[in-house]
Amino acid sequence: MSLLRHIRKLNALQRLQLGVEQQRRQLSDTGLKNSTLQYEKDPQPLFTDAETQRLLQSMTQLQLDKVFRKRPVADNSTETKFMTTAQLEKEFIHTIEKAKKLLQMPPVVKVKQDTERIISKDPALKDFATTKYVFTDITFGLQNSQRKVVVRDVDGTLAYASLDITNRMNQLYFPLDGRKSYTPRMFSDEILFQRCLDDHKYEFVLDRLTVQYEPNELQFHNISAKVFEHLNESKQFDLLRSTRHFGPMAFFYAWHRCIDDLLYDMIRRDYLLNAVELIALSYKLHKVPVDYKQTLKELNALQPAPDQRALAELRSYLRKPNEKGIQDEIQTAIGKTEKDFAADEISLKFIEQYIGSEHALKKVQLELAVQTLKEFNLEKLQLYQGLKKAHGVQAS
C-alpha cells in the first residue's frame, strides 16, 4: 500500500511539472502583447534628418557624471594619472567625444516584413530527405544583414529563410555578445516584464532589448513602445536623460502627439531650451505651419552647445577660487547668467504659444508649470541684479 501511495504521488508530481512546462511554453510562444502605438509609416527619413538629430541630441543632454557613472559590470576599476594642465584639457575633450559615442541613439526604422520568397520548386527532390536543409553564407567580413540564408524544404522547394531562421543562423555562426538564440524570459513572461517596468528599470530593459533584437524587428518595436508608454504614465523621464534611449523616446512621443507630460517635466526642471526643441520636433514631424527655426536660432546664439557647456563645466573645476571674479561667483550662486535669463524669456514666449494652440492636450497643467517657473525666475533675476548692484558690477 505504501508503495502504491508513493507511485501515485510521483505521478501527480510529474503531471504538475508537465502542466507548468506547457504553460511556460505557451507563454514563450505568445510572448508580450503588441503595443497600441505603432509607426504607421517609415520613420527613418525623419529620424535620420540632420535637424532632427540635432534636436534629439540636445534634448538628451550631456551629463558626464551620469554617462560615466559606475555600473554593475565585472570591471569598475579606475585609473589615476598625473597630468599637466594642457594634458588635462586634452583629456577633457577626449572624454566628451567618448561620451557622445556612448550616447549614440539606436535607429528608429520601420518593421521589416517577413515575406515568403521562393527561389525555385524542384519536384524531383520531393521526399529526398525527411528534414529541411538550411544553407548559410558564412563568408568572412560580411554584415549579418547581407548574408544569404536559404532553406530546402522536404517537397523540393528552395526559398529564402524566414527572419527567425536567418537570425538564428547568424547567431549560430557569428554569435553576438549578450544575444541569446532564444527569447529571454524578461521578454516572454508578461509578469516578469511588468515587474521590470514597475521597478522603473527602463534603461536596463532597453539596453537588453538593443542587444537581443535588431531595430527593424517587430519585437523591438513592440517592447520599446510598451516601455515608452509605461514611462509616460510613471513620469520618470529623468531616468533616461543622458542615455542613448532618451532621443528615441522623445521622437516616439512627438510622432504620436503625446509630448505634454515630457514637456511638463522639462518646464518643471527648468530645461526650457529642451522644451522648445521638443515642441519644434513635434511641429517638424507633423508639418505644423509655425516658424520655430527663428526661435531656435536666437536660443542657440545665447546658449552654448551641450558639448561646449560640458567642457566649460570641466574647465571651471580647474580654476582656483582667487582666479574667479565676483561676477563669476554671483552667476555660480544664482545658477544663471544674463544670457540665460534672456533665453528663458524667449523660450517661455514660444512655449506659451504652444499651450494656447490646439496642439496642447494638458493646457491647465502646463500653464501652472509655466507660471510657477516665471515667478521662480523673477525672484532669481531680482536677486541676481541686487547682488550685482551691491558689488558694483556693471551690466554686460
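Source: prediction; values computed, not measured. Computed over heavy atoms, backbone and side chain alike; hydrogens, waters and symmetry mates excluded.
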Compare all side-chain heavy atoms of [X] with those of [Y] and state whether any distance is below 4.5 angstrom.
| X | Y | value |
| --- | --- | --- |
| Leu381 | Gln385 | yes |
| His245 | Asp207 | yes |
| Met266 | Leu273 | no |
| Lys180 | Gln212 | yes |
| Met249 | Tyr202 | no |
| His230 | Val205 | no |
| Phe47 | Gln53 | yes |
| Lys336 | Asp270 | yes |

Worksheet item: Per the side chain to side chain contact (heavy atoms under 4.5 Å, CB included) rule, which among Leu366, Leu361, Val276 passes with Leu263?
Response: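 Answer after filtering Leu366, Leu361, Val276: Leu366.
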Practice prompt. Only one of Leu206, Leu240, Leu197 passes side chain to side chain contact (heavy atoms under 4.5 Å, CB included) with Leu231; say which it is.
Written response: Leu240
What is the distance from atom [atom1] of [X] to atom [atom2] of [Y], rounded to the nearest 0.5 Å?
| X | Y | atom1 | atom2 | value |
| --- | --- | --- | --- | --- |
| Gln371 | Ile267 | CD | CD1 | 12.0 Å |
| Thr210 | Arg179 | OG1 | CZ | 9.0 Å |
| Ile138 | Asn170 | CD1 | CG | 11.5 Å |
| Ile351 | Ile346 | CD1 | CD1 | 12.0 Å |
| Leu302 | Glu338 | CG | CD | 11.5 Å |
| Lys362 | Ile259 | NZ | CD1 | 11.5 Å |

Worksheet item: Are Asp137 and Tyr173 linked by a side-chain donor-acceptor pair shorter than 3.5 Å?
Response: no
Worksheet item: If every non-hydrogen atom of Leu103 is compared with every non-hydrogen atom of Gln61, which pair is closest and at what distance?
Response: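 In this case the closest contact between Leu103 and Gln61 is CD1-O, 3.7 Å.
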Discussion item. To check you understand the geometry: which heavy-atom pair defines the closest contact between Leu296 and Glu277, and what is its length?
Written reply: CD2-CG, 3.9 Å
Worksheet item: If you count the non-hydrogen atoms of other residues, nucleotides and ligands that lie under 6.0 Å from NZ in Lys284, is the total more than 12?
Response: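 Enclosed.
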Discussion item. When you group the ILVMFWY residues by side-chain heavy-atom contacts below 4.5 Å and let the links chain together, are Leu158 and Val149 in the same group?
Written reply: no
Discussion item. Between Val227 and Leu239, is there shared hydrophobic-cluster membership here, with clusters defined by ILVMFWY side-chain heavy atoms closer than 4.5 Å?
Written reply: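 Both belong to a single hydrophobic cluster.
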Discussion item. Using the ring pair (Phe, Tyr, Trp, His ring centres under 6.0 Å) criterion, which residues pair with Phe220? Sequence neighbours excluded.
Written reply: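 Per chain and number, Phe220 pairs via ring pair (Phe, Tyr, Trp, His ring centres under 6.0 Å) with no residue.
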Fill in: Counterpart residues, ring pair (Phe, Tyr, Trp, His ring centres under 6.0 Å), relative to Phe92 (two or more places apart)
none
Worksheet item: On the ring face of Phe174, is Arg147 found with NZ or CZ under 6.0 Å from the centre and within 45° of the axis?
Response: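 Yes, cation above the ring, under 6.0 Å and within 45°.
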Worksheet item: Centre of Tyr133's six-membered ring, under 6.0 Å away, within 45 degrees of the axis: is that where NZ or CZ of Arg152 sits?
Response: no
Could you tell me whether a side-chain N or O of [X] sits under 3.5 Å from a main-chain N or O of [Y], the two making a donor and an acceptor?
| X | Y | answer |
| --- | --- | --- |
| Ser242 | Gln63 | yes |
| Thr52 | Thr48 | no |
| Gln44 | Val108 | no |
| Lys235 | Asn232 | yes |
| Ser58 | Arg54 | no |
| Ser282 | Ile279 | no |
| Lys363 | Ile355 | yes |
| Asp189 | Ile191 | yes |
| Asn300 | Ala305 | no |

Ring geometry between [Y] and [X] (parallel below 30°, tilted from 30 to 60°, perpendicular above 60°):
| X | Y | answer |
| --- | --- | --- |
| Phe187 | Tyr213 | tilted |
| Phe251 | Trp255 | tilted |
| Phe341 | Tyr384 | tilted |
| His359 | Tyr283 | perpendicular |
| Phe228 | Phe252 | tilted |

Practice prompt. Let me see the working for Ser162 and Asp164 under side-chain hydrogen bond (donor to acceptor under 3.5 Å, both in side chains), right down to the final yes or no.
Written response: CA-CA 5 Å; Ser162 62; Asp164 180 59; 5.3 Å; no
Item to complete: Start with the C-alpha distance between Thr337 and Asp340, add both sets of side-chain angles, then the distance that settles side-chain hydrogen bond (donor to acceptor under 3.5 Å, both in side chains), and finish with yes or no.
Response: CA-CA 5 Å; Thr337 64; Asp340 291 335; 3.2 Å; yes
Discussion item. Exactly one of Arg244, Arg69, Arg208 should register a salt bridge (charged side-chain N to carboxylate O under 4.0 Å, His left out) with Glu203. Which one does?
Written reply: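 Of the listed residues Arg244, Arg69, Arg208, the salt bridge (charged side-chain N to carboxylate O under 4.0 Å, His left out) partner of Glu203 is Arg69.
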Worksheet item: Run the side-chain hydrogen bond (donor to acceptor under 3.5 Å, both in side chains) check on Asn167 and Gln171 step by step: do they pass?
Response: CA-CA 6 Å; Asn167 292 336; Gln171 182 62 18; over 6 Å; no
Fill in: Under-4.0 Å salt bridge between Lys380 and Asp344
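Salt bridge absent between Lys380 and Asp344.
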